[in-house]
*Asks:* 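Handing you a structure now.
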Amino acid sequence: MPTILGQNQYGKAENRVVKITRDGATHHIKDLNVSVALSGDMDDVHYNGSNANVLPTDTTKNTVFAFAKEHGIESAEQFGVHLARHFVTSQEPIHRARIRIEEYAWERIEASGEARHSFVRKGQETRLTQVTYDGTSWEVVSGLKDLTVMNSTDSEFWGYVKDRYTTLKEAYDRILATSVSARWRFNWTDDAQEMPDWDASYARVRQHMLRAFADTYSLSLQQTLYQMGSRVVEECAEVDEIRFSLPNSHHFLVDLEPFGLKNDTPDGAVYFASDRPYGLIEATVLRDGCEARIPVDLTNL
């Protein structure tokens, strides 16, 4: 045979699951986008078209919805653990399951009376997790995307390399803004360990990330990134590694001189927010002695 089969996986992607929990007049929402990928003894289906080892992707979809009802959704991570364990332990040909979940947050709209069933979709970040299980060990990588932050001062950028094509002026007081995309890897890897409190951990990581962004007097976005990652690793014992992808959302002073106006004055200034092109700063921060495992390209994680 001139060719052989390489890595392969299959499953049902982007199952949109909304779980409503009713506690009398008070309701709670969990809104997830769940993707299942399974791999194992799948040579025959590729070489010969035999489906003897294939659990239909429609079945994986049904399992996601059934588990949401049977087990509830305590957190995105816990739900992913339930699913991954089920697929690997219930299907002999399946050796590895990868569950990716996006969680969309809602906040309650307070209304008159006792009813508490109205919500508005939060316009901040999307929470993410990827749970992988091979029957023996776990890997949980969680994160977020589209968390937009800004410092309106306490940021500089100067002393950089200049050549014949450099036109950027040095800045000693600038706006620093970015849309944070981050993934962090937990050191929980087997059932003998105590499982983290996933929701509390997410809140803690997010809090330290934001506080580091606010507390850092920035001489570069790279410096701010490192301070954010260092604070998370130092303050969150359950996290060994965190990777960031931070676009530098540039803000440029608008030239108002043609209108007889001076722009940058003690009472403030007007800026043009440029969405592209943008500088893109990416790096991983690790606990000393740990190995980097989060992929460099976060596009599909």
Side-chain angles (χ1 to χ4, degrees), residues 5-19 30-47 50-104 126-144 183-199 201-202 238-241 243 291 293-295 297-301:
L5 179 67
Q7 193 281 336
N8 62 88
Q9 59 194 33
Y10 80 102
K12 189 72 81 175
E14 301 202 46
N15 301 281
R16 291 288 283 106
V17 185
V18 177
K19 175 68 165 64
K30 282 290 187 178
D31 186 353
L32 307 182
N33 187 22
V34 182
S35 293
V36 177
L38 308 177
S39 55
D41 293 332
M42 295 295 151
D43 287 4
D44 284 347
V45 68
H46 289 88
Y47 289 140
S50 170
N51 294 312
N53 288 346
V54 176
L55 182 72
T57 64
D58 189 68
T59 304
T60 69
K61 175 202 70 177
N62 294 339
T63 304
V64 170
F65 289 108
F67 269 44
K69 179 63 177 178
E70 293 174 356
H71 301 285
I73 302 174
E74 178 184 325
S75 67
E77 288 84 358
Q78 185 66 60
F79 191 58
V81 167
H82 281 314
L83 288 169
R85 190 191 305 276
H86 166 78
F87 288 123
V88 171
T89 59
S90 68
Q91 302 295 322
E92 186 175 348
I94 301 301
H95 301 163
R96 185 175 184 269
R98 186 197 70 200
I99 313 298
R100 286 178 172 167
I101 301 176
E102 296 180 341
E103 179 174 352
Y104 311 113
T126 298
R127 179 174 170 177
L128 309 166
T129 193
Q130 174 176 292
V131 179
T132 306
Y133 183 55
D134 63 5
T136 303
S137 62
W138 296 91
E139 182 181 79
V140 180
V141 177
S142 293
L144 54 81
R183 308 291 188 275
W184 52 89
R185 179 173 55 83
F186 292 92
N187 48 38
W188 179 76
T189 57
D190 65 71
D191 291 316
Q193 297 174 267
E194 182 179 357
M195 189 180 296
D197 183 330
W198 304 112
D199 284 343
S201 178
Y202 180 85
E238 70 276 18
V239 173
D240 276 353
E241 174 187 8
R243 181 166 180 82
E291 178 185 353
R293 296 179 185 172
I294 299 175
D297 184 1
L298 300 182
T299 304
N300 293 313
L301 177 58

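Any value given below was found using the heavy atoms of this structure, including those in side chains, with hydrogens, waters and symmetry copies removed.
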*Asks:* Short question: side chain of Ser201, backbone of Trp198 - any donor-acceptor pair under 3.5 Å?
*Replies:* no

*Asks:* Determine the sole option in Gln130, Glu241, Glu139 for which the side-chain hydrogen bond (donor to acceptor under 3.5 Å, both in side chains) test with Arg185 is passed.
*Replies:*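 Considering Gln130, Glu241, Glu139, a side-chain hydrogen bond (donor to acceptor under 3.5 Å, both in side chains) with Arg185 is found only for Glu241.
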
*Asks:* Is a side-chain donor or acceptor of Tyr104 paired with a backbone partner of Asn33 at a separation under 3.5 angstrom?
*Replies:*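 It does not hold such a pair.
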
*Asks:* Could you give the distance from CD (Glu238) to CG (Asn187), rounded to the nearest 0.5 Å?
*Replies:*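 Reported to 0.5 Å precision, the distance equals 7.5 Å.
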
*Asks:* Decide if atom CD of Glu74 counts as having more than 12 heavy atoms of other residues, nucleotides or ligands within a radius under 6.0 Å.
*Replies:* no

*Asks:* So Arg100 and Arg98, side-chain contact (heavy atoms from CB on, under 4.5 Å) or not? Walk me through it.
*Replies:* CA-CA 7 Å; Arg100 286 178 172 167; Arg98 186 197 70 200; 3.5 Å; yes

*Asks:* Check step by step if side-chain contact (heavy atoms from CB on, under 4.5 Å) holds for Arg127 and Glu77.
*Replies:* CA-CA 10 Å; Arg127 179 174 170 177; Glu77 288 84 358; 2.7 Å; yes

*Asks:* Work out which heavy atom in Phe87 is nearest to a heavy atom in Ala97; give both atom names and the distance.
*Replies:* CB-CB, 4.2 Å

*Asks:* What's the shortest heavy-atom distance between Arg16 and Phe65, and which atoms?
*Replies:* O-CE2, 3.4 Å

*Asks:* Report the distance from atom NE2 of His95 to atom OG1 of Thr136, rounding to the nearest 0.5 Å.
*Replies:* 11.0 Å

*Asks:* Taking atom CG of Leu83 and atom OG of Ser35, what is their separation to the nearest 0.5 Å?
*Replies:*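 Here the rounded value is 11.5 Å.
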
*Asks:* Measure from the side-chain N and O atoms of Asp134 to the backbone N and O of Ser137, and report whether any donor-acceptor pair falls under 3.5 Å.
*Replies:*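 Looks like yes, one N/O pair under 3.5 Å.
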
*Asks:* Return the OG to NZ distance between Ser75 and Lys30, rounded to the nearest 0.5 Å.
*Replies:* 6.5 Å

*Asks:* Answer yes or no: is there a side-chain heavy-atom contact under 4.5 Å between Tyr10 and Leu55?
*Replies:* yes

*Asks:* When you look at Asn53 and Val45, which way does the side-chain contact (heavy atoms from CB on, under 4.5 Å) test go after all the steps?
*Replies:* CA-CA 8 Å; Asn53 288 346; Val45 68; over 6 Å; no

*Asks:* Please name the residue in the list Val239, Thr129, Leu128 that meets the side-chain contact (heavy atoms from CB on, under 4.5 Å) test with Ser142.
*Replies:*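 Considering Val239, Thr129, Leu128, a side-chain contact (heavy atoms from CB on, under 4.5 Å) with Ser142 is found only for Thr129.
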
*Asks:* Can you list the steps and then say if Trp184 with Leu144 is a side-chain contact (heavy atoms from CB on, under 4.5 Å)?
*Replies:* CA-CA 9 Å; Trp184 52 89; Leu144 54 81; 4.1 Å; yes

*Asks:* With ring centroids as reference points, do Phe186 and Trp138 lie under 6.0 angstrom apart?
*Replies:* no

*Asks:* Near Gln193 CD, under 6.0 Å, is it more than 12 heavy atoms from other residues, nucleotides or ligands?
*Replies:*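 Atom CD in Gln193 is packed in, count exceeds 12.
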
*Asks:* Minimum heavy-atom separation for Thr60 to Lys12, with atom names?
*Replies:*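 Looks like OG1-CB, 3.3 Å.
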
*Asks:* Hey, could you give me the OG/CG distance between Ser50 and Asp43, rounded to the nearest 0.5 Å?
*Replies:* 11.0 Å

*Asks:* Does any N or O in the side chain of Tyr133 come within less than 3.5 Å of the main-chain N or O of His86, such that one atom is a donor and the other an acceptor?
*Replies:* no

*Asks:* Grab the two heavy atoms, one from Leu5 and one from Met42, that are nearest each other, plus how far apart they are.
*Replies:* CD2-O, 4.2 Å

*Asks:* Locate the shortest heavy-atom distance separating Glu103 from Ala76; write the atom from each residue and the value.
*Replies:* OE1-CB, 3.7 Å

*Asks:* Hey, what's the ring geometry for His82 with Phe67, parallel, tilted or perpendicular (30° and 60° as the breaks)?
*Replies:* perpendicular

*Asks:* Can you tell me if Asn8 uses its side chain to pair, donor with acceptor, with the backbone of Gly6 under 3.5 Å?
*Replies:*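 Yes; at least one donor-acceptor contact below 3.5 Å.
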
*Asks:* Write down the atom of Val131, the atom of Ala84, and the distance for their closest heavy-atom approach.
*Replies:*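 For Val131 and Ala84, the tightest heavy-atom pair comes out as CG1-CB, 4.3 Å.
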
*Asks:* Hey, are the side chains of Val64 and Val17 touching, using non-hydrogen atoms and a 4.5 Å cut-off?
*Replies:* yes

*Asks:* If we only count heavy atoms from C-beta on, is the Ile73 to Gln78 side-chain gap below 4.5 Å?
*Replies:*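 Not touching, per the 4.5 Å side-chain cut-off.
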
